[in-house]
Structures are given as structure tokens and as C-alpha cells.
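The figures here come from the full heavy-atom set of this structure, side chains too, leaving out hydrogens, waters and symmetry mates.
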Number of protein chains: 2
Amino acid sequence: MSAYKEHSRLLLAVDCIIFGFDGRSLKLLIIERGMLPEKGKWSLMGGFVQQHENTNEAASRILTHLTGLKDIYMEQFQVFGEPGRDPLARTVSVAYYALIDIGKYENQLSKDYKAEWVSLDRIPDLIFDHGEMVKAAKEHLRYKAALHPILFELLPDRFTIPQIASLFEQVYNVELDRPNFMRKLRSTGLLVKQSDKDKDGSKRGAHYYVLNRDTYKEKVSSFLHFITQL
Amino acid sequence: MSAYKEHSRLLLAVDCIIFGFDGRSLKLLIIERGMLPEKGKWSLMGGFVQQHENTNEAASRILTHLTGLKDIYMEQFQVFGEPGRDPLARTVSVAYYALIDIGKYENQLSKDYKAEWVSLDRIPDLIFDHGEMVKAAKEHLRYKAALHPILFELLPDRFTIPQIASLFEQVYNVELDRPNFMRKLRSTGLLVKQSDKDKDGSKRGAHYYVLNRDTYKEKVSSFLHFITQL
DNA sequence: ACAAAAGTGTTGTTACTACACCCATGT
DNA sequence: ACATGGGTGTAGTAACAACACTTTTGT
């Protein structure tokens with residue numbers, strides 16, 4: 001372990017921008033920080049990368065620890081490494097965003113961490129550069145979700161098309177033409193219509209759909225345009 | 001500097017996947033490694049992140065050091081952090097890909113490093129996980145270049161449409177319909193036609209074009225599809 | 001009956017593909 | 001004159017946007 005002696009070592013952390021959807025609105029999961037510095041302030045969930053694990057494993061561990069869920073959709077999107085970002089020690093952080101159906105979330109660590117779902121447009125000040133991380137995560141999410149159907153990761157097993165539309169509208173901050181959006185969604189072959197309806201959102205009720213997991217797995221990693229043959 | 005004492009520190013490196021185009025074919029810049037371990041074997045250009053710099057600065061420094069060029073287009077794309085990837089010490093690497101016009105490349109460090117441009121389909125075995133990094137970089141480049149006109153970064157100031165087409169064909173490993181590709185390119189408004197022609201590639205000669213830098217700056221950060229209004 | 005949201009139909013426009021064809025020039 | 005790429009024209013098709021219209025149901 002004395003190799004590369006002349007080079008300085010540093011701490012490597014992972015921070016998670018956890019997006020959640022409860023069927024109505026898009027939220028962010030943040031915690032009240034339990035350690036110094038900045039103890040008691042709002043923060044993203046994070047942790048240090050351990051000796052025996054890679055960064056994906058660290059992110060998984062941290063996500064499971066906070067939410068109680070396994071196999072959460074997550075994506076590494078950017079390294080934040082300004083020298084002074086953590087005032088106590090040189091710490092470089094690998095940022096991940098994660099997508100969760102809030103209905104599946106188990107508030108298992110309410111004792112260890114004070115975790116809270118906050119609306120995306122009412123995010124309090126966060127420690128360090130976490131605010132910047134959230135902003136970058138939103139951009140990455142927009143980018144990715146414009147080409148890949150990952151927003152389904154936020155939805156419950158049974159969902160309605162108006163719910164998806166509302167989710168897209170919140171992510172992109174636009175109003176969609178519902179008729180056209182509906183057709184586009186159905187043309188993907190990702191949706192399996194159910195016979196029953198959700199009556200909460202409207203009088204008439206909207207049909208439930210479930211995701212066709214097989215075509216989903218295919219389409220998550222396709223969807224390109226500029227070069228149309230591939 | 002004794003904060004977070006209980007957490008282990010590690011080495012943070014940057015590795016650069018440097019793509020270059022010489023007007024005919026797409027290449028990768030690799031070096032003969034000058035330090036242990038694996039001294040003398042083929043490797044990507046890389047280096048350790050220093051105390052005073054962030055990872056982008058480290059990558060810039062390393063790129064400039066090897067190529068003699070400033071303001072190289074580069075993009076951070078993935079962290080490689082398997083615990084055993086460098087056998088001598090726990091080292092996590094932030095991978096960047098870079099795009100260079102080989103014509104501008106100055107072989108300035110031929111004494112310090114034995115650097116060489118190799119054809120993308122004849123890459124020798126590389127140390128550690130560098131082969132995996134190259135593969136991932138190619139995928140990221142394909143992804144990004146399908147939506148953003150970044151491949152122009154590989155071209156000289158004056159270039160012909162057949163050259164661009166050839167570049168795209170090599171990146172995506174397809175044959176393009178030249179007439180249609182030409183029209184699509186010109187419809188972007190990125191190209192400014194020059195009056196003279198390049199006679200090297202054919203008898204008739206192909207018109208030179210230069211990039212419209214203004215529209216280029218706009219379009220590099222646009223180009224989405226699934227959500228068409230933005 | 002009517003408001004409100006879900007969902008269908010239709011039409012004009014744009015973007016793309018396929019491919020026939022013409023152009024300029026070195027040999 | 002002809003082979004070789006460079007480049008234009010055109011027609012059919014698919015995807016998309018706009019928006020009128022119908023359906024269902026709670027009040």
C-alpha cells in the first residue's frame with residue numbers, strides 16, 4: 001500500500017439525488033445531516049466509498065440503507081470534485097440520481113436519519129454543493145428521459161396515462177397535448193391495458209396500464225435519432 | 001486534515017480516451033507507459049488528481065501535456081472504481097474522452113511518452129481496465145454524437161462533406177446514403193460553403209466547408225426529440 | 001343537464017427514405 | 001470516352017402537431 005507514495009490520497013464519496021413520484025407530484029428525498037460538519041442541515045443522502053466496493057456498490061448500499069428498497073434504478077451522472085467543496089477534507093463525490101415509486105418507499109431509517117420527501121420546486125438550501133448536484137441531476141434526468149422510457153421507474157405497477165402525462169409535464173415543465181401524447185405512448189408497445197379504471201383523478205376514470213417488462217428492457221437501451229439506422 | 005479519520009482514503013486518477021481524425025480515418029492516441037506497474041505496455045494517457053485541482057482541470061492538464069493543445073473538447077463520462085483495477089493501490093479513475101483534429105496535434109512529448117495514433121479497429125491490449133474504458137468511450141461518443149454535432153471537433157477548420165460522412169460511417173459502422181446525409185447536414189445551418197474544392201478525394205473535387213461557430217455553439221447543447229417542445 | 005377529464009378522428013405539414021439522375025474532372 | 005465520386009431532384013411514406021369531436025360519469 002505504499003505505491004505511488006508521492007501522490008496524495010483523498011476521500012471518495014457518493015451522493016444520491018433521489019427522485020420520487022407519488023402519483024401526483026415529483027419529489028426529492030433529502031435528509032437532515034447527522035454528522036459534522038453542517039450537522040442538522042438539509043443534505044443529500046451520501047456516504048464514503050469503502051475499500052472493498054466500487055462506486056456503484058457504494059451507491060446501491062446507501063440507497064438501500066435509506067429506503068429499504070433493493071434494485072433501485074440509479075445512474076451515475078457526474079463527479080463533483082472542487083477542492084474546497086467539503087471544508088473539512090478534500091472529498092470528491094460521485095453523484096448518482098435514483099428513481100423511486102414513493103408508494104414502495106419504506107421509511108425505515110426515520111430514527112437514524114430524518115428523511116423527507118420535498119417538492120421539487122420547494123427544495124430548501126442544501127449543504128456543500130448539493131444544490132448544484134440537484135440541478136445537474138434534473139438536467140441529466142430530462143436528457144435521458146427524453147430518449148429512454150426511464151420515467152416508468154417512478155410509477156407504481158399499475159398506473160394511468162394521465163399520471164404519466166402529469167409526470168412528464170412536471171419533469172419538463174410543459175403542458176402536453178394529451179391526445180397526441182397518449183397515442184405516442186401507446187405506439188411504443190410498452191403499455192398493457194388493464195380492464196379496470198382509476199376513478200380518483202376524474203369522474204369518468206382512466207384505464208390502468210401495466211408495463212410490458214420485456215419490451216421495456218429492450219427500449220430502455222435503444223431510442224436514437226440522428227443516425228436512424230442502427 | 002484529520003477529519004473523517006475512520007474513512008479510508010484512496011488515489012483518484014483521470015484517464016483520457018483521445019479520439020483523433022486525420023481526414024481519412026478515426027484513431028486513438030495511446031502511450032507506452034513510463035512507470036511501474038506495467039511499464040512499457042500500452043496504456044491510455046492518464047494521471048493523478050492533485051490537491052489543488054478538480055477532475056476537469058486534471059484532465060485538461062493531462063491532455064495539454066500530451067498533445068500541446070489547449071481547449072480540447074473533452075467530456076467526463078464514467079468512473080471506473082473496481083477495487084482491484086490497479087494492483088498496486090486502490091485507485092479510482094474518472095474517464096474522459098477527448099476529440100482532436102490530428103492535423104493540429106503536436107507530437108510534443110515524444111521524448112517523455114511514446115505516444116502513438118492507432119486505428120480504432122487495431123487497438124493493442126491495454127493495461128488495467130483501459131480496454132473496457134475505450135469500449136465505453138466509443139459507446140458514449142456514439143450516443144452523444146447522434147444528438148449533438150460534436151464530431152466537428154475532430155475535423156480540421158476546412159473540411160468536405162464526404163469527409164464528415166466518412167467520419168460518421170466510421171463512428172457508427174454503417175454506410176450512409178450520401179445524398180440524404182448531405183442534405184441533412186446542410187439543413188442544420190452549421191456549414192458555410194467555401195468557393196474552392198478539395199481535389200484529393202476525387203476527380204471532380206468536393207467543396208470545402210467551414211463551421212458556423214455561432215450556430216454551432218447553440219446546437220451543441222440542444223437537439224432533443226421525445227419531448228419535442230422545449 | 002352539465003362540467004370535466006378521458007379518449008378518438010381527421011387533416012395538414014414536416015421530415016425522412018429510396019433511388020434515379022446529372023455534373024465535373026483525371027486518366 | 002468513361003469511370004469515379006460529388007451533388008441535385010423527386011416521389012412515396014411515416015411521424016407529428018393541431019384541434020374538433022365523442023364518451024363517461026359524478027354532481
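With rounding to whole Å, B/N180 atom CG is found 7 Å from C/dT17 atom P. Here the C1' atom of nucleotide C/dA5 and the CZ atom of A/F181 are 16 Å apart, to the nearest Å. Protein atom CG of A/D198 is 13 Å distant from nucleotide atom P of D/dT25, rounded to whole Å. Atoms CD1 (B/I164) and P (D/dG7) sit 11 Å apart, rounded to a whole Å. Spacing between atom CG of A/D196 and atom P of C/dA6 amounts to 16 Å, rounded to whole angstrom units. What separates CG of B/L185 from C1' of C/dA15 is a distance of 15 Å, to the nearest Å. Per the geometry, CG belonging to B/D177 stands 12 Å off C1' belonging to D/dG7, to the nearest Å. In this structure, CE of A/M182 is placed 18 Å from P of D/dT22, rounded to the nearest angstrom.
Contact annotation: A/R204 does not reach the phosphate of D/dT22 (side-chain N/O to OP1 or OP2, under 4.0 Å). Put simply, B/K199 has a side-chain N or O that comes within less than 4.0 Å of OP1 or OP2 on C/dT25. Of the side-chain N and O atoms in B/R186, one or more sit less than 4.0 angstrom from OP1 or OP2 of D/dT8.
When only modelled atom types and interatomic distance are considered, B/E153 and B/Y216 share a side-chain donor-acceptor pair under 3.5 Å.
Remark: the backbone N or O of A/N56 is paired with a side-chain donor or acceptor of A/Y96 at under 3.5 angstrom.
A donor-acceptor contact under 3.5 Å links the side chain of B/R183 to the base of D/dG9.
When the side-chain hydrogen bond (donor to acceptor under 3.5 Å, both in side chains) test is applied to B/R61, the partners found at least two apart in sequence or on another chain are B/E53.
Picking from D/dT24, C/dA6, D/dG5 the nucleotide with the shortest atom distance to the side chain of A/P162 gives C/dA6. Closest to the B/A206 side chain, of the nucleotides D/dC19, D/dG6, D/dT24, is D/dG6. Comparing atom distances between the A/K203 side chain and each of D/dG7, C/dA3, C/dG7 picks out C/dA3 as nearest. Distances were taken from every side-chain heavy atom of B/R178 (C-beta onward) to each of C/dT17, D/dG6, D/dA20; the shortest belongs to D/dG6.
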- Begin from the C-alpha positions of B/D198 and B/T160 and carry the test side chain to side chain donor-acceptor pair (under 3.5 Å) through to its verdict. CA-CA 7 Å; B/D198 166 42; B/T160 67; 4.5 Å; no
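Checked for salt-bridge contact, A/D125 and A/K41 miss the test: no charged N lies under 4.0 Å from a carboxylate O.
If A/S202 and B/K193 are placed on DNA chain D by their nearest nucleotide, the residue sitting closer to the 5' end is B/K193.
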